[in-house]
Protein chains: 2
Amino acid sequence: MADSANMHSSPNPNVSTDCVVFGFDDEKLKVLLIEQKNTGGISPQLALPGDLVLENENLYQSATRILKELTNLEGIYLKQFKTFGNPNRVRDVKDQDWLRTFREDPQARVITVAYYSLVKMEDFAPQAASLAGKVVWQNVDEVPQLAFDHNQIFNEALERLREEFEYKNVGYELLPKKFTLSMLQKLHEIILGVELDKRNFRKKIKKSDVLIPLDEKQSGVDHKPAQLFRYKTASKSSSI
Amino acid sequence: MADSANMHSSPNPNVSTDCVVFGFDDEKLKVLLIEQKNTGGISPQLALPGDLVLENENLYQSATRILKELTNLEGIYLKQFKTFGNPNRVRDVKDQDWLRTFREDPQARVITVAYYSLVKMEDFAPQAASLAGKVVWQNVDEVPQLAFDHNQIFNEALERLREEFEYKNVGYELLPKKFTLSMLQKLHEIILGVELDKRNFRKKIKKSDVLIPLDEKQSGVDHKPAQLFRYKTASKSSSI
DNA sequence: AATCTTAGTGTATTTTTTACACTTAGTTCG
DNA sequence: CGAACTAAGTGTAAAAAATACACTAAGATT
């Protein structure tokens, strides 16, 4: 089947993973993007962090490795949400291979498995590395045109993130280990774009029974420190 | 990076799609499986219908094409739900290549994009074709050991199907065009494994406002014919 | 005309969700 | 060291949603 173009090329597609990392501070929901290293004067294209899957890693390992390599972020729970595989989603784009360390087969299409995540921005300080010249936190409502079909991937990730917060009523493994109820509430407000009542929110969370109170309080704040919580680890095997 | 094994093999993975087609009659929820053509006497292995993605089709096209080729089912809405890519999920298995028309690179791993669907069994009559020797509707609570990691894929599909019915309260594009409220209720009961109250069910559906009553009634029944409905087509572009 | 089968409908009770305001613990500043 | 500041933490009443429950209606079959 199909002996196309160059000699040693197989028809097998390249497979990559892309990460849509959402970050929140006390104001806005943002998304982590990377920027090309040496832009020759012209406006640099932004993209989601992503790269090809290696031969001996599973998809989740690939996503975490690549995120670490490009942005130095580690210890983040990533959730697979969709695989994008239009035949021309990457192949057509000529001069944007800076986003991939190495196209195994430059003739072949690229199918990408997309993951998303959510982090508190102040707990993580991404640093550009490898092929990324720069990393930026971009407001989700001000995302410019991205490389490839990354706008589509981003949009679907945002949609899924919001669904996750509406149906299940908490963002499960998507948060740092320890957090306060106010942080959690703020998060819901930012993501869903609504204001919530403090007492009702706490009632609901309590009843849903997904949090465990820790023997520990917030520190380093100039007011009454809040109780810290963590999620009950249902610990879904996230290794595929 | 990795110049492994045989000469013309690239490290690019094979990519396939697998379909978990759920069927319901008035009793049970079933899943469509295929069986090897010429089993040499020994017990034949069952598997989900699936095969490699071709060079110039997108993933959704691939899934529908393969489903048609193997089981002759057509016009079914398929929903992508997860991609499975453990490095050894298929490579290790020796004698089961009957499930793939042609392994582009027999050395390389196989990453599979999984879809699920739901059909009313009487509206569709699957027929084995191509490499499938036989197709069977298997009760979801009596699924035997399947090829590869297909049990895992099946289990996750079932989980997702049930979630879909709990959170959104209807199975959107997953059903045939026209149906009665009793059919829809029966479906919910079968999928969720519970009994529902007729009046309350109708109240809820009515309020959720996802159905449109048609100018048409059921025919061919020996009792009062029921009103037919269809879904409001939000018509999500399902082409990727 | 009588019988059979599933369609189709309303109300009272319980549970869940919402709206709403004050006290408490710790920090900072004078 | 006390006063003032800041966010944490808590309960109750009203509204809305979910549940439990049983009969009449329409068409087909005898």
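In what follows, every chain begins at residue 1, and chains take the letters A, B, ... in the order their sequences are listed.
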Whole angstrom is fine here: how far is it from [atom1] in [X] over to [atom2] in [N]?
| X | N | atom1 | atom2 | answer |
| --- | --- | --- | --- | --- |
| A/K204 | C/dA19 | NZ | C1' | 15 Å |
| A/K186 | D/dT6 | NZ | P | 15 Å |
| A/E195 | C/dC20 | CD | P | 13 Å |
| B/L196 | D/dA20 | CG | P | 11 Å |
| A/D222 | D/dA3 | CG | P | 20 Å |

Exercise. Judged by modelled atom types alone, do A/K68 and A/N72 share a side-chain donor-acceptor pair under 3.5 Å?
Worked result: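 Checked: A/K68/A/N72 side chains pair up, N/O donor to acceptor below 3.5 Å.
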For this session: Using distance alone, with no hydrogens and no angle criterion, decide if B/S16 and B/D51 have a side-chain donor and acceptor under 3.5 Å apart.
Result: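 Checked: B/S16/B/D51 side chains show no N/O donor-acceptor pair below 3.5 Å.
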Exercise. Does a salt bridge link A/E69 with A/R65, judged by any charged N lying under 4.0 Å from a carboxylate O?
Worked result: yes
For this session: Answer yes or no: is there an ion pair linking B/K232 with B/D209, defined by an N-O contact shorter than 4.0 Å?
Result: yes
Sub-3.5 Å pairs of nitrogen or oxygen atoms, protein against nucleotides 7-10 of chain C:
from, atom 1, to, atom 2, distance (Å)
C/dA7, OP1, B/S182, OG, 2.8
C/dA7, OP2, B/S182, OG, 2.9
C/dA7, N7, B/K198, NZ, 3.3
C/dG8, OP1, B/Q227, N, 3.0
C/dG8, OP2, B/R202, NH1, 3.3
C/dG8, N7, B/K198, NZ, 2.7
C/dG10, O6, B/R199, NE, 3.4
C/dG10, N1, B/R199, NH1, 3.4

Exercise. B/F154: what forms a ring-ring contact (aromatic ring centres under 6.0 Å, His included) with it, not counting sequence neighbours?
Worked result: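 For B/F154 there are no ring-ring contact (aromatic ring centres under 6.0 Å, His included) partners, ignoring immediate neighbours.
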Exercise. Does the ring centre of A/F179 sit less than 6.0 Å away from the ring centre of A/Y231?
Worked result: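 Yes, they do, as the ring centres are separated by less than 6.0 Å.
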